[in-house]
S.K.: 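Got a structure for you, questions after.
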Amino acid sequence: MRKRYLPVSFFEIITIIIASMVILLISILTITIFVTGVPYLGQALHSKEVLFSIKLSLYTASVSTVICTILAVPTAYALTKTRFPLCKIWQTLLELPLSLPYLVIGLGLLLIFSSKLGKELSRAGFQVVFSTKGIIVAHIFVNLPFVIRIVKMSFQEVDMRLELIARMLGATKAKCFWTITLPLAKNSIIGAVILAWSRALGEFGATLMLVGTTRMKTETLPASIYLNMATGDRGAAMASAVILLIISVAAHFLFHFIQIKPEKSRIKVV
Amino acid sequence: MRKRYLPVSFFEIITIIIASMVILLISILTITIFVTGVPYLGQALHSKEVLFSIKLSLYTASVSTVICTILAVPTAYALTKTRFPLCKIWQTLLELPLSLPYLVIGLGLLLIFSSKLGKELSRAGFQVVFSTKGIIVAHIFVNLPFVIRIVKMSFQEVDMRLELIARMLGATKAKCFWTITLPLAKNSIIGAVILAWSRALGEFGATLMLVGTTRMKTETLPASIYLNMATGDRGAAMASAVILLIISVAAHFLFHFIQIKPEKSRIKVV
Amino acid sequence: MIHIENFTYQVANFKLQNIELEIKENEIFAFLGKTGSGKTMLLEAIAGFYRGNCGAIYISGKDVVDIVPEERKIGFVYQDFGLFPHMTVYENIRYGLKMHRVEKSKMNLRISDMAKLLGIEHILKHYPATLSGGERQRTALARALVLQPRILLMDEPFSALDPGTRSQMYQLVEQIHKTFACTILFVTHNLYEAERMAQRIGIMVNGKLKMVCNTDKLFQNYEDTEILEFIGGYLNDNGTDVSKIERRLNADCTRLQPDK
Amino acid sequence: MIHIENFTYQVANFKLQNIELEIKENEIFAFLGKTGSGKTMLLEAIAGFYRGNCGAIYISGKDVVDIVPEERKIGFVYQDFGLFPHMTVYENIRYGLKMHRVEKSKMNLRISDMAKLLGIEHILKHYPATLSGGERQRTALARALVLQPRILLMDEPFSALDPGTRSQMYQLVEQIHKTFACTILFVTHNLYEAERMAQRIGIMVNGKLKMVCNTDKLFQNYEDTEILEFIGGYLNDNGTDVSKIERRLNADCTRLQPDK
Amino acid sequence: SKENKQTGQSKELEGKKLFVYCGAGMTKPFTEIAESFQGNTGAVVEVTFGNAAQIISQITASEEGDLFIAGAEGELDSIRDDYIADVKNLVKHIPVIAVQTGNPKNISGIMDLGKEGITVVLGDSDATPIGKIADKALTDAGIYEQVEVAARTATAPEISTALSLGQCDAAIVWKENAGIEGVEVVSTTDLDKYVKIVPAASLKCSKNAGVLEEFLLYLESDEAIKIWENYGYEVVE
Ligand SMILES: Nc1ncnc2c1ncn2[C@@H]1O[C@H](COP(=O)(O)OP(=O)(O)OP(=O)(O)O)[C@@H](O)[C@H]1O
Ligand SMILES: Nc1ncnc2c1ncn2[C@@H]1O[C@H](COP(=O)(O)OP(=O)(O)OP(=O)(O)O)[C@@H](O)[C@H]1O
Ligand code: MOO
Ligand SMILES: [Mg+2]
Ligand SMILES: [Mg+2]
C-alpha cells in the first residue's frame with residue numbers, strides 16, 4: 001500500500017515532542033548507568049558472588065511473581081465478581097501498603113515473623129527471617145497490593161454481558177472465568193506481572209530489612225549493589241545495575257513474544 | 001427486589017478463601033504497624049519536625065504525580081496513536097528503569113545532576129541536588145516508566161473505531177483525544193495516578209541518594225522514618241508510618257468520589 | 001413449558017407490565033411491537049436475566065431465575081449478537097459444545113454442518129471484529145442452534161440478512177424445530193416472517209403484552225387503538241401496502257425462481 | 001460529487017473489485033446485495049477509511065483519503081451504530097455540533113427538534129448500553145442527521161425499526177434531503193425502501209458492483225445469473241411474493257390508516 | 001600458638017553457626033575475616049551487612065543473632081541496656097576531612113570549613129556517628145554556626161559520593177569512605193581527638209556462646225588485625 005503523508009496536527013507534534021523529551025530523560029539515566037557500569041562488567045561477570053546474586057535474584061523474583069499472581073488473580077476475582085461482603089473496605093485495606101516505604105514493610109514483616117507465631121512457623125521449618133524464603137515473602141508483600149489493583153481493574157472492564165452469555169451457553173462460573181474473563185483481561189494481567197517481576201528484581205528496601213545481606217546466601221543483585229556502594233565501589237555497583245538492565249531487556253523481548261496482540265479492528269484509523 | 005440465594009460454586013468458594021487469606025495477610029502487616037505506631041502518634045503529631053515532613057511529603061508527592069501525569073499521558077499517546085518511529089524500542093527503553101533499585105536511580109540522577117550540564121542547570125537556578133526539587137525529580141523518575149506503561153495499555157484498549165467516528169463528526173485529533181480517548185481510558189489513568197502518588201509518598205531510596213535527609217529541609221516522612229529507626233526509635237518511626245497509612249486511607253476516600261463508576265450494562269449478571 | 005405469571009419488572013422509566021403468557025412445548029411464538037416496547041426485555045426476562053418486581057416466569061414448573069444459567073438450556077440469539085471478541089467464528093460456535101463436553105469428532109462434525117447450512121464456512125477462522133453484519137448475525141445463530149437447545153429465544157435474528165439468505169434461514173430454523181422439537185420464541189419486525197414461522201403472535205405495546213392470537217387470526221380483532229396504530233405501520237404513508245414493489249416484482253418476473 | 005474510479009481494495013480473502021461509480025450532487029443512491037458482498041466496505045471506502053490497492057475515490061474532485069477526517073463533512077450511520085458508550089444519547093447527538101462550534105442556543109434547539117422527529121426525547125439522558133436496538137439506531141441517525149452533512153452514508157439505517165417508525169424515518173430523511181440538499185448513499189436489504197427513497201440502485205455481488213440502474217428500471221435487465229439469483233431472493237421459497245400477508249392486510253383492512 | 005589452638009578445636013566447631021551483624025562500611029575487611037575464621041575452624045559465620053538503622057531494627061525486632069560490629073560506640077546507645085551483653089574494642093574508626101582531588105579550595109584544617117563559600121556535607125547528627133562527630137568537632141572549633149551545610153545524609157557512604165561528584169567542597173567522613181575516586185584526605189590532626197573505636201558487641205540473645213567466644217578471640221588474633229590493617233584501619237593500642 002502506498003504511504004500517505006497527511007498533515008501531522010499541532011496536537012500530535014506536542015505529544016511527540018513531550019514523548020521525545022521523556023525518552024531523552026530516561027535514556028540519559030540508563031546511559032549514565034551503562035557508561036559508569038560497563039567498564040566493570042567483565043570483572044563482575046567473573047565474580048562468583050555476582051553470578052550467585054544474579055541467580056538468586058532471578059529465582060526469587062520469578063517465584064515471588066508466580067505466587068503473587070496466583071494470589072492476586074483469585075483475590076481480584078472474589079472482590080469484583082462474587083458477592084464478597086464489605087468489598088469497598090477490603091479494597092482500601094489491600095491498597096494501604098502501597099504508600100508505605102519498603103523499609104517499613106520490611107520492618108513490619110520482621111516484627112511479624114519474629115513474633116511467637118513467626119517463631120512457631122520457623123520451628124515448623126518455614127524460616128523467613130534472614131533466609132531466602134524471606135526475600136520471596138518481602139517481594140510478595142511489596143507487589144501484591146499493586147498486582148491486585150491492576151487485575152481488579154481489568155476484571156471490572158470485562159463486559160458482564162459476555163460472561164452471562166457464556167454462562168447461558170453452559171459454562172460454569174469457573175469455566176466462564178477461564179474462557180472469558182481471564183482471556184479478556186489477559187493483556188492487563190500480563191502487564192501487571194511484568195511490572196511485578198521488574199519491581200521484584202529491583203526491590204531492595206523490604207528485603208534488606210527482612211533478610212539482611214549475607215554474602216552467597218541472601219545477596220540479591222540490588223543487595224550487592226547496595227554493598228558495593230557502601231564500600232565506595234561505584235563501578236562494581238553500576239556493573240550490577242547494568243546486569244539488571246540487560247536482564248530486563250531480555251525479559252522484555254521474551255514477554256513480547258508471549259503477549260498476543262489484541263484482535264485487530266476492521267478499520268485502520270486514518 | 002427480593003434477595004436470592006443461588007448456590008455459591010466451588011470455584012467461587014476457593015477464590016473467596018484465597019481473597020480472605022490475602023486480606024488477612026495484609027491486615028496483619030498493617031495492624032502490626034498500627035499497633036507499634038499508635039502509642040507514639042500523639043507525640044509525633046506534636047513534633048514540628050514530623051509536621052514539616054508531612055507537609056513536605058504531601059507537597060512533593062502531589063507535585064511529582066501531577067508532573068508525572070502531564071508527561072506520561074502525551075508520551076503514551078505519542079507511542080500508541082501517532083506514527084512515532086521505532087515505537088517498540090522506545091517502549092522497552094522506557095520500561096528499563098522499572099527493574100532498577102531506587103538506590104541506583106538515585107545514584108544515576110546524582111551523577112547526571114553533578115555533570116557539567118547539571119551544574120549549569122544549578123547555576124541557572126534549577127538546583128536539584130540536596131534541594132526539595134530533587135525529591136520531585138526522584139519521584140518522577142521512579143514513577144514515570146510505570147505510569148507510562150499503564151496509560152499506554154489503557155490507550156491501546158480504546159476502540160479505534162470510536163476515535164475514527166469522532167473524527168468523522170468533526171473532531172480534530174486533539175478534540176478526539178480529550179472527548180473520546182481520555183474519557184474512555186479515564187479509570188485506568190486515575191488508577192495509575194493513585195498508584196504513582198502512593199509510591200511517591202513512600203519512596204525513599206532514590207530520594208535519599210539525590211537529596212540526602214537534611215532535617216527540616218529535605219526530610220520527607222519516609223526519611224523521618226529512616227532517621228528514627230537509625231536512632232533506635234522504632235515507636236516514632238512507626239508513628240510516622242501510621243501517619244502515612246492515615247493519609248493513604250484519606251486519599252482513597254477522596255479518589256473514590258472522583259472516580260466515576262463505569263456505565264452500567266442493561267443486564268445484571270445473575 | 002414456559003409459563004409467565006403476572007410478570008412485572010421496572011427499570012428506570014420503563015416497565016414490563018403484568019405479562020401473562022403460556023407457551024406450549026414445541027410451539028413457535030413471535031413477538032411484534034414498536035421499537036422500545038419491551039420485546040427484548042421480555043425475552044431477556046424469559047431467559048432469567050431479571051427477577052421481576054412481582055410475578056415470575058416458570059420453565060417446566062421451575063422459576064427460571066432459580067436455575068443457574070448454565071443449566072437453563074436456553075439458546076439465545078442476541079439482538080446485538082454478543083459474540084466473544086477474542087475467539088474466532090469457529091471457536092464461538094464451538095464454545096457451547098465444549099462446555100457441554102461434546103465428544104471432539106462429533107463436535108467438529110456438528111460445527112462444520114452448521115457452518116455449511118448458514119453459509120459461513122469461509123469465515124470460520126475470522127474474528128468477530130472483521131465480520132460483516134450478516135456474518136455476525138449468522139455466527140450468533142450458529143452458536144445458539146448448534147447446541148440444539150430445548151428453548152430457543154431469538155431477538156430479531158434475521159434483521160441483517162438479505163431476503164435470499166433470510167429465507168434459507170427460515171428453512172433451517174424450521175428444520176431444526178422439526179428435528180429436535182424445541183420451543184421457539186422470537187422477535188421480529190417482519191410480518192411475513194412472523195406468519196411464515198410462528199403459530200401464535202404476541203404484540204407488545206409500551207411494556208404490555210396487548211394481544212396474543214393465532215397467526216391466521218391476526219387481522220380479526222381491532223378494538224384496541226394502540227394495536228390498530230401498530231398494525232397501521234405496516235402500510236406505507238399513503239395508506240397503501242408497503243409491498244407494492246414486491247408485488248410488481250412477482251408479476252414482472254415469474255420466471256425468477258430461486259435455484260432450489 | 002462522488003467519483004469512484006476503478007477502486008480496488010483487498011483485505012484477507014475479500015476484495016472490492018474495480019468499482020466504478022459516479023454519484024451526482026443531491027442524488028439518493030441505494031446499495032443492495034447479499035450479506036458479505038462488500039456493501040459496508042464500499043460505504044466505508046467512500047468515507048475514506050481505506051486507501052485502495054489501486055484506483056481512488058474522489059469527493060468534489062479530491063481524493064477522499066487525502067482529506068483529514070474532520071473535514072470530510074460526511075455523515076455516517078454505522079451498521080452497528082458506533083455510539084460513544086460514555087456519553088448519554090443527548091451528548092452523542094450534541095457531539096458533532098460541539099465539534100463544529102455551533103452556538104449553544106441553536107445547538108439545543110437542533111438537538112431537541114431532531115430528538116422529537118426521531119421519537120427519542122424520552123431517552124436523551126440514557127446511556128447507549130441501556131437502549132433498545134431501535135433506540136440505538138435512531139440515536140445513530142440523529143447524530144449524523146443533526147449535522148446536516150453534505151454527504152450522508154447510511155448502512156442499513158432502519159433495519160432495527162418496526163415498519164411504522166420506519167416510514168416516519170423515510171419521511172424525515174426525505175425532508176432533510178429536500179431542505180438541506182445533500183447526497184445520500186445507503187445500504188438496505190429492503191426493496192421497498194430502496195425504491196421508495198433512491199433514484200438509482202446498485203447491486204453488489206461478491207465485491208463487485210454488478211449493476212447500477214434507475215430504480216424504475218430495476219426489473220428490465222436479467223442477463224446476469226448472479227443478479228438473477230439475488231433478486232430471486234426477494235421471492236419466498238415457493239416462488240411467490242414474500243409480501244402475501246401485507247397484501248392481504250391491505251385488502252382486509254383498508255380502514256386502517258396511520259394517524260396522519 | 002594460636003594456630004594450634006584453632007586446629008585443635010576445629011572439629012568441635014564444625015557445623016556450628018554464628019550470626020553477625022556488621023556495618024556496611026566494613027563489608028570488605030569483615031567478609032575476609034569471617035571467611036578466614038570459617039576456613040580455620042569450620043564454623044559457619046554468616047554476616048549480614050547493613051546500615052545502622054537497619055541493623056538496630058533487625059536486632060530489636062528479631063532478637064536473633066550473636067554479634068554486632070558497629071561503626072562506632074555511639075551506634076550502640078539505643079540498644080545498649082536491653083540487648084548488649086558485652087563490648088570489645090576492635091580497631092580505630094578514623095574520621096577525616098575529605099576534599100575534592102587536588103584540593104581546589106585549599107582546605108588545610110577544620111577552621112577552613114567555616115570560610116565563606118565553602119560548602120560541606122555531613123552525616124545526620126542523630127542517626128549517624130560520623131554526623132555526631134562532625135557536630136562536636138565543629139562546635140569545639142567554634143565554627144558550627146558559620147559552616148554552610150549543603151546537606152545531611154542518613155548513611156556514611158552517601159557523604160563521600162556527594163563529595164566525589166563535586167556537590168560540595170569538603171566533608172567529614174570515615175577514612176575508609178574517603179578512598180574513592182575524586183576524593184582526597186586533608187592531612188591534618190584536627191580530628192584526631194574524635195577517633196572512635198569499632199566495637200564488637202556481643203548480643204544477649206546469642207545462643208551460640210561457644211563459637212562466639214572463639215570468634216571474639218580470633219578477632220584479636222594477628223591474622224584478623226592484619227586484615228583490618230590491609231584495609232586502612234588502625235589497631236587500638
Ligand atoms: N437499564 C435500563 N435503564 C433504562 N432504560 C432501560 C433499561 N433497560 C431497558 N430500558 C428501556 O426499556 C425499553 C424497552 O427496551 P427493549 O430493548 O425491550 O425494547 P425492544 O422492544 O426490544 O425495542 P427494539 O425493537 O428497538 O429492540 C427501552 O425504552 C429501553 O430504553
Ligand atoms: N479486516 C478484514 N479481515 C477479513 N475479512 C474482512 C475484513 N473486513 C471485511 N472482511 C470481509 O469482507 C466481506 C464484506 O464485508 P462487508 O461488511 O462489506 O459486507 P456487507 O455487504 O456489508 O454485508 P452485510 O450485509 O452482512 O453487512 C465480508 O465477508 C467480511 O468478512
Ligand atoms: O553502620 Mo555504618 O558503618 O555507619 O554504614
Ligand atoms: Mg430489542
Ligand atoms: Mg454491512
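Chain letters run A, B, ... following the sequence lines, proteins first and then strands; every chain starts at 1.
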S.K.: If you count the non-hydrogen atoms of other residues, nucleotides and ligands that lie under 6.0 Å from NZ in E:Lys226, is the total more than 12?
M.R.: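 Not buried by this count: 12 neighbours or fewer within 6.0 Å.
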S.K.: From E:Glu64 CD over to A:Phe113 CZ, what is the distance, rounded to the nearest 0.5 angstrom?
M.R.: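 The CZ atom of A:Phe113 is 12.5 Å from CD of E:Glu64, to the nearest 0.5 Å.
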S.K.: Which class fits the ring pair E:Tyr21 and A:Phe130: parallel under 30°, tilted 30 to 60°, perpendicular over 60°?
M.R.: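 If you compare the ring of E:Tyr21 with that of A:Phe130, the planes turn out perpendicular.
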S.K.: So how far is it from E:Gln58 CD to A:Ser114 OG, rounded to the nearest 0.5 Å?
M.R.: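 One finds 9.5 Å between CD of E:Gln58 and OG of A:Ser114.
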S.K.: Is there side-chain contact between A:Glu219 and E:Thr48, with heavy atoms separated by less than 4.5 Å?
M.R.: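 They are not in contact (no side-chain heavy atoms under 4.5 Å apart), so the answer is no.
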S.K.: Just so I know, are the side chains of A:Thr214 and E:Phe49 near enough to count as touching, which here means a heavy-atom distance under 4.5 Å?
M.R.: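 Not in contact.
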S.K.: So do the side chains of E:Ser57 and A:Met209 get within less than 4.5 Å of each other, counting heavy atoms only?
M.R.: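 Side-chain contact under 4.5 Å: yes.
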S.K.: Verify the neighbour count for atom CH2 of E:Trp228: are there more than 12 heavy atoms of other residues, nucleotides or ligands below 6.0 Å?
M.R.: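 Correct, the count exceeds 12.
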S.K.: Are there more than 12 heavy atoms of other residues, nucleotides or ligands under 6.0 Å from atom NZ of A:Lys55?
M.R.: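 Atom NZ in A:Lys55 is not crowded, with 12 or fewer foreign heavy atoms closer than 6.0 Å.
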S.K.: Just checking E:Lys196: does its NZ atom have more than 12 heavy atoms from other residues, nucleotides or ligands closer to it than 6.0 angstrom?
M.R.: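 No, NZ of E:Lys196 has 12 or fewer neighbouring heavy atoms, counting only those of other groups under 6.0 Å.
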S.K.: Only pairs of heavy atoms separated by less than 4.5 Å count here; which of A:Leu111, A:Leu227, A:Val129, A:Leu208 has the most with chain E?
M.R.: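 The option with the most such pairs is A:Leu208.
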S.K.: Within a 6.0 Å radius of atom OH on E:Tyr194, are there more than 12 heavy atoms belonging to other residues, nucleotides or ligands?
M.R.: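 For E:Tyr194, atom OH is crowded (more than 12 foreign heavy atoms under 6.0 Å).
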S.K.: Are E:Thr161 and A:Met229 close enough, and set up right, to give a side-chain contact (heavy atoms from CB on, under 4.5 Å), and what steps lead you there?
M.R.: CA-CA 9 Å; E:Thr161 304; A:Met229 275 169 56; over 6 Å; no
S.K.: Is E:Glu213 atom CD crowded by more than 12 heavy atoms from other residues, nucleotides or ligands, each under 6.0 Å away?
M.R.: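 At most 12 heavy atoms, drawn from other residues, nucleotides or ligands, come within 6.0 Å of this atom.
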S.K.: Compare every heavy atom of A:Arg234 with every heavy atom of E:Ser164, then report the nearest pair and how far apart it is.
M.R.: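 That closest heavy-atom pairing would be OG-NH2, 2.6 Å.
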S.K.: Checking E:Thr31 against chain A: side chain, backbone, both or neither under 4.5 Å from a heavy atom?
M.R.: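 When you check distances to chain A, only side chain atoms of E:Thr31 fall under 4.5 Å.
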S.K.: To the nearest 0.5 Å, what is the distance between CD (E:Glu46) and CZ (A:Arg215)?
M.R.: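 Rounded to the nearest 0.5 Å, the CD-CZ separation comes to 14.0 Å.
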S.K.: So how far is it from E:Glu63 CD to A:Leu110 CG, rounded to the nearest 0.5 Å?
M.R.: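 Going from CD on E:Glu63 over to CG on A:Leu110, the span is 10.5 Å.
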S.K.: Below 4.5 Å from any heavy atom of chain A, which atoms of E:Glu158 appear? Answer side chain, backbone, both or neither.
M.R.: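 When you check distances to chain A, no heavy atom of E:Glu158 falls under 4.5 Å.
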S.K.: Return the CZ to OG1 distance between E:Phe30 and A:Thr231, rounded to the nearest 0.5 Å.
M.R.: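 The distance works out to 15.5 Å.
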